[in-house]
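Just passing along the structure, written as structure tokens.
All of these numbers come straight from a predicted model, not from anything done at the bench. We count ligands from 1, going down the list as the structure has it; atoms in each ligand are counted the same way. We use all heavy atoms of the structure for the numbers below, so side chains are in, but hydrogens, waters and symmetry mates are not.
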Amino acid sequence: MKVSDLRGILQYVPRFREKIFVVALDGEIAASLNLGNLLLDLAVLRSLSIRVVLVHGCGAQLIQLAQEKGIAISNADGTGITDEATLKLGVEASHAVLQELMQGLSSVDLRAAYANVIVAHPAGILNGVDTLFTGKVERVDTATLQCFLNEGIIPVIQPLGFDGEGHTFRVNSDSVALEVAEAMRALKIIYLSPKGTLRLGEEIVRQLSVGETEEVLRKRRASMDPSMVSKLEHAARACRRGIARVHLLDGTENEALLSEIFSHEGIGTMVYSNEYQQMRRALKKDLRAIMNLIRESIANAELVKRSRADMMAALDDYWLLEIDRNLAGCVAVHFYPEEQTAELACLYVAKSHEGQGFGRKLMAFAEQLAAKKGAKWLFALSTQTYNFFQQKGGFVEVSPEELPQERRRKWESSGRNSKIMRKVPLQNTAATSPSLPL
Ligand SMILES: CC(C)(COP(=O)(O)OP(=O)(O)OC[C@H]1O[C@@H](n2cnc3c(N)ncnc32)[C@H](O)[C@@H]1OP(=O)(O)O)[C@@H](O)C(=O)NCCC(=O)NCCS
């Protein structure tokens, strides 16, 4: 880890302080060699005052126990039928995982306690089949959880529930995590499972909105691993019920947890409810961040070089696109009041956010801003992106004579030989552009 990584983490600290993260480990992850690293990562989260609730599964341990004892089980993941023998083994498997976790948490100096907080009732008769001892979460004892969290103790929750009449039920750990997160108003759920990130074809899917997640499930459910289907279903449900983010991670990967939480790009698959997006005017304190953002594009000669002083002089013209309070793009609109025109400049979208429509949104935003300020047309100078302006923005190429005089002189002296793209007439783009915070 580099020192600069620590600086990067700092920006998240105020947002995450005292917030609840529900971390859900599949049984296989609890048995994996990476468990020690994950528990250390939890210690990092705790040191940043993040409140962690740990939920675990026990499917892998249940299957192994059944094999060792030669007992046939009716279901391993707490979703189908749980007969009496399976429940008995499930309880044994779950206790073994709990013990393993407690031991590991103590070894990284984390205070933890088993939290008996799941009130369950029978899942009942589904499609004519009695699921017997499979349970459904009826209620989460939030008061008890809150007591643990207030004392700095990590509550550890098993995939078992009790009904208050002396019955035990096997419950699916994905749904326990969801119910706990909803009841506790958690900021995130983090599901850690083997091969836990979503791949479509060769590609790892980094981000999915809740709508896209439901679409993937509709179209590809049959060809997907059942564990991934369960994670996606619970992630979508969680987002619909107000959890902002659900992360699906490969829990066997070292540093997966921290890399996902503390980097903008992430390492797993994030399902999100609604992105927090805003356009805001740049301030002096943003200059360094803007220059860092566009540095590579200047090096590639896509954007023209700007000094800090240049930008400072026209600071009011610069607008920033923020996603989750991170800088994701920028655009500048320079006005030429005498000619009743405006220039769209410094259009940039961070690599991590390309191809999601933000470039078009920024273009539309600039157009709307220019129109509001009375510009009759808008132009942009481009050496490599003129196709984008043309094909995605409806700009057309015009000759340099069309430029305002002052701008034309600069164009000539720059030697860049940029194409001049112009958009006329300005349309009312209010419906497609991000709202103007004016
Ligand atoms: C150009 C840029 C702003 C596009 O941002 P974006 O958020 O990816 O754009 P959108 O998601 O709205 O649009 C993506 C579409 O534009 C196309 N596109 C992207 N760059 C393009 C280019 N240089 N020429 C033509 N089309 C381009 C993509 O292929 C994609 O097409 P599709 O929707 O048909 O698949 C971004 O790539 C960027 O910042 N580039 C570097 C800086 C730059 O060149 N700025 C312009 C200076 S004049």
Non-neighbouring partners of Glu412 that pass salt bridge (Lys or Arg N to Asp or Glu O under 4.0 Å), sequence neighbours left out: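 So Glu412 forms a salt bridge (Lys or Arg N to Asp or Glu O under 4.0 Å) with Arg408.
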Holding to salt bridge (Lys or Arg N to Asp or Glu O under 4.0 Å), I want the full list of residues that pass it with Glu214, two or more places apart in sequence or in another chain.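 Checked Glu214 against salt bridge (Lys or Arg N to Asp or Glu O under 4.0 Å); matches are Arg240.
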Which parts of the protein, at residue level, reach under 4.0 Å of ligand 1 through a heavy atom?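 Those residues closer than 4.0 Å to ligand 1 by some heavy atom are Ser297, Glu302, Leu303, Leu347, Tyr348, Val349, Glu354, Gly355, Gln356, Gly357, Phe358, Gly359, Arg360, Leu381, Ser382, Gln384, Thr385, Asn387, Phe388, Phe389, Lys392.
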Can a donor-acceptor pair be found, under 3.5 Å and without considering hydrogens, that links the side chain of Thr269 to the backbone of Leu198?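 A pair under 3.5 Å: yes.
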Taking the inter-plane angle between the rings of Tyr318 and His334 on a 0 to 90° scale, is it parallel (under 30°), tilted (30 to 60°) or perpendicular (over 60°)?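 Perpendicular, since the angle between the ring planes exceeds 60°.
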Residues in salt bridge (Lys or Arg N to Asp or Glu O under 4.0 Å) with Glu182, at least two apart?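 Result, salt bridge (Lys or Arg N to Asp or Glu O under 4.0 Å) vs Glu182: Arg241.
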Whether His234 and Tyr191 hold their rings parallel, tilted or perpendicular, with breakpoints at 30° and 60°: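 Rings of His234 and Tyr191: perpendicular, as their planes differ by over 60°.
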